[in-house]
Chemist: 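One structure follows; several queries about it will come next.
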Amino acid sequence: MTRALVLVDIQNDYFPGGSMELVGMEQAAANAARLLARFRADGAPRFLIRHLSQRPAAGFFMPGTAGAEIAAPVAPDPGEAVIEKHFPNSFRATELQQRLAEAGAEELVICGAMSHMCIDATTRAAFDLGYRCTVVDDACATRDLEHRGERLAAGAVHGAFMAALGAVYARVLGTEELLATRPG
């Protein structure tokens, strides 16, 4: 079974000093970089997803800005697939599904940002398309949210979304657990 890595939106705007700083982004990116190094060493398929905003009011991931660039820890090597998207779901209006099919991918290892938005949307879409999914939870990051006037801490948001994904849509593993596994 061919296993592919899908790194979602690990972009400069999510890091300290960026336009949409996330809690724990530096550690998540460090873990994602370890995964990327393993997939590179194994010669396994890997796809870097880059979100470009189409709404100027969004204030982050604006085309042509440094904030929209893929962050240094996971910068693409020449020839690595970088897929641009405009929606939370990395499959929507992109060539991701076609590229995965060309690579023969049946299992996806997904990580990046934000846990509650693009990781959730991409994982659910992948599952619906028939992929076996693994989300690497400590290689994902999110932010505090608010609901009905109550602040929800990033850790609680992240945990709730990982628990929901793990119930049906994906195996949820840590970086060390994933690195100890082999495809299949």
Side-chain angles (χ1 to χ4, degrees), residues 5-32 35 47-71 73-74 83-94 96-97 108-175 177-178:
L5 179 64
V6 179
L7 297 179
V8 180
D9 301 350
I10 303 178
Q11 295 168 248
N12 292 328
D13 271 340
Y14 280 156
F15 286 80
S19 297
M20 179 59 75
E21 184 176 337
L22 302 183
V23 175
M25 190 65 210
E26 291 171 306
Q27 185 59 52
N31 287 331
L35 298 171
F47 302 88
L48 288 80
I49 310 298
R50 178 178 175 228
H51 193 111
L52 292 176
S53 181
Q54 292 183 308
R55 298 178 306 115
F60 66 104
F61 293 165
M62 301 310 298
T65 66
E69 296 302 316
I70 293 174
V74 295
I83 296 172
E84 293 184 353
K85 69 178 180 73
H86 304 292
F87 301 97
N89 172 356
S90 297
F91 290 92
R92 183 177 172 187
T94 73
L96 179 58
Q97 186 175 7
L108 305 184
V109 174
I110 302 167
C111 64
M114 293 185 282
S115 307
H116 73 278
M117 186 64 68
C118 298
I119 298 303
D120 181 65
T122 297
T123 302
R124 290 172 187 256
F127 176 86
D128 287 346
L129 291 168
Y131 294 100
R132 183 174 163 209
C133 300
T134 300
V135 174
V136 183
D137 64 352
D138 62 358
C140 295
T142 195
R143 63 187 181 93
D144 295 352
L145 295 178
E146 186 177 311
H147 178 68
R148 296 183 183 229
E150 179 183 345
R151 187 183 74 76
L152 305 170
V157 172
H158 178 76
F161 275 83
M162 293 300 112
L165 290 174
V168 174
Y169 297 98
R171 291 186 310 165
V172 178
L173 302 176
T175 299
E177 293 170 291
L178 191 282

Chemist: Got a donor-acceptor contact below 3.5 angstrom from the Glu21 side chain to the Gly18 backbone?
Modeler: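 Side chain of Glu21 to backbone of Gly18: no pair is present.
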
Chemist: So do the side chains of His86 and Arg92 get within less than 4.5 Å of each other, counting heavy atoms only?
Modeler: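 Not touching, per the 4.5 Å side-chain cut-off.
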
Chemist: Set out, in order, the CA-CA distance, both residues' side-chain angles and the distance that settles side chain to side chain contact (heavy atoms under 4.5 Å, CB included) for Asp9 and Ile49, then state yes or no.
Modeler: CA-CA 6 Å; Asp9 301 350; Ile49 310 298; 3.9 Å; yes

Chemist: Name the residue from Ile119, Thr123, Leu48 that meets the side chain to side chain contact (heavy atoms under 4.5 Å, CB included) definition with Val8.
Modeler: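 Running side chain to side chain contact (heavy atoms under 4.5 Å, CB included) over Ile119, Thr123, Leu48 with Val8 returns exactly one hit, Ile119.
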
Chemist: Report yes if the side chains of Val157 and Arg143 come closer than 4.5 Å at any heavy-atom pair, otherwise no.
Modeler: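 Val157 does not reach Arg143 side chain to side chain.
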
Chemist: Check whether Glu84 reaches the backbone of Arg50 with its side chain - one donor and one acceptor, N or O, closer than 3.5 Å.
Modeler: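 Judged by distance alone, no pair lies under 3.5 Å.
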
Chemist: Look up atom CG in Leu178 and atom CG in Leu173, then write down how far apart they are to the nearest 0.5 Å.
Modeler: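 Reported value, rounded in 0.5 Å steps: 6.0 Å.
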
Chemist: Spell out, as yes or no, whether a donor-acceptor pair under 3.5 Å connects the side chain of Asp13 to the backbone of Phe60.
Modeler: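 Side chain of Asp13 to backbone of Phe60, a donor-acceptor pair under 3.5 Å: no, none is there.
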
Chemist: Can you measure from SG (Cys111) to CD1 (Ile10) and round to the nearest 0.5 angstrom?
Modeler: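 Between atom SG of Cys111 and atom CD1 of Ile10 there are 5.0 Å.
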
Chemist: What verdict does the side chain to side chain contact (heavy atoms under 4.5 Å, CB included) test give for Lys85 and Cys118, after you've listed the backbone C-alpha separation in whole Å, the side-chain angles of each residue and the deciding distance to 0.1 Å?
Modeler: CA-CA 10 Å; Lys85 69 178 180 73; Cys118 298; 3.3 Å; yes

Chemist: May I ask you to check whether over 12 heavy atoms, not counting those of Glu150, lie within 6.0 Å of atom CD?
Modeler: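 It does not: Glu150 CD has 12 such atoms or fewer within range.
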
Chemist: Quick check for you: to the nearest 0.5 Å, what is the distance between Leu52 atom CG and Glu69 atom CD?
Modeler: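 Result: 8.5 Å between the selected atoms.
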
Chemist: Cys133 versus Arg171: any side-chain heavy-atom pair under 4.5 Å?
Modeler: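 Side-chain contact under 4.5 Å: no.
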
Chemist: So, for Thr122 and Ser90, which heavy atoms are closest and what is the spacing to 0.1 Å?
Modeler: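 Scanning both residues completely, I find the closest heavy atoms to be OG1-OG, 2.8 Å.
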
Chemist: Taking C-beta and beyond as the side chain, do Phe61 and Gln54 meet within less than 4.5 Å on heavy atoms?
Modeler: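 Counting from C-beta outward, Phe61 and Gln54 never come under 4.5 Å.
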
Chemist: Closest heavy-atom contact between Met62 and Ala68?
Modeler: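 Where Met62 meets Ala68 most closely, the heavy atoms are O-CB, 3.4 Å.
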
Chemist: Just checking, is any N or O donor in the side chain of Asp138 or Thr175 under 3.5 Å from an acceptor N or O on the other one?
Modeler: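 There is such a pair (donor and acceptor under 3.5 Å, judged by atom type) between the side chains of Asp138 and Thr175.
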
Chemist: Quick one: SG on Cys140 to CE on Met162, what's the gap to the nearest 0.5 Å?
Modeler: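 Nearest 0.5 Å value for the SG-CE distance: 4.5 Å.
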
Chemist: Any side-chain to backbone donor/acceptor pair from Thr142 onto Met114? Under 3.5 Å, distance only.
Modeler: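 Flag not set: sc Thr142 to bb Met114 has no pair under 3.5 Å.
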
Chemist: Just to verify, which of Ile110, Val6, Leu108 counts as forming a side chain to side chain contact (heavy atoms under 4.5 Å, CB included) with Tyr131?
Modeler: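 Single pass found, and it is Leu108.
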
Chemist: With the threshold set at 4.0 Å, does a side-chain nitrogen-carboxylate oxygen contact exist between Asp128 and Arg124?
Modeler: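 No.
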
Chemist: Just verifying a value: how many Å separate Met117 CE and His51 NE2, rounded to the nearest 0.5 Å?
Modeler: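 Rounded to the nearest 0.5 Å, the CE-NE2 separation comes out at 9.5 Å.
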
Chemist: Quick one: does Glu146's side chain have a donor or acceptor within less than 3.5 Å of a partner on Leu152's backbone?
Modeler: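 No.
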
Chemist: For the side chain of His158 and the backbone of Ala141, is there at least one donor-acceptor N/O pair under 3.5 Å apart?
Modeler: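 No, His158 side chain to Ala141 backbone: no donor-acceptor pair under 3.5 Å.
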
Chemist: Hey, mind stepping through Phe127 and Val168 against side chain to side chain contact (heavy atoms under 4.5 Å, CB included) and telling me if it holds?
Modeler: CA-CA 9 Å; Phe127 176 86; Val168 174; 4.1 Å; yes

Chemist: Measure the CE-OH distance between Met25 and Tyr14 for me, rounded to the nearest 0.5 Å.
Modeler: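 Answer rounded to 0.5 Å: 8.0 Å.
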
Chemist: Passes side chain to side chain contact (heavy atoms under 4.5 Å, CB included), Phe91 versus Leu129? Steps please.
Modeler: CA-CA 10 Å; Phe91 290 92; Leu129 291 168; 3.6 Å; yes

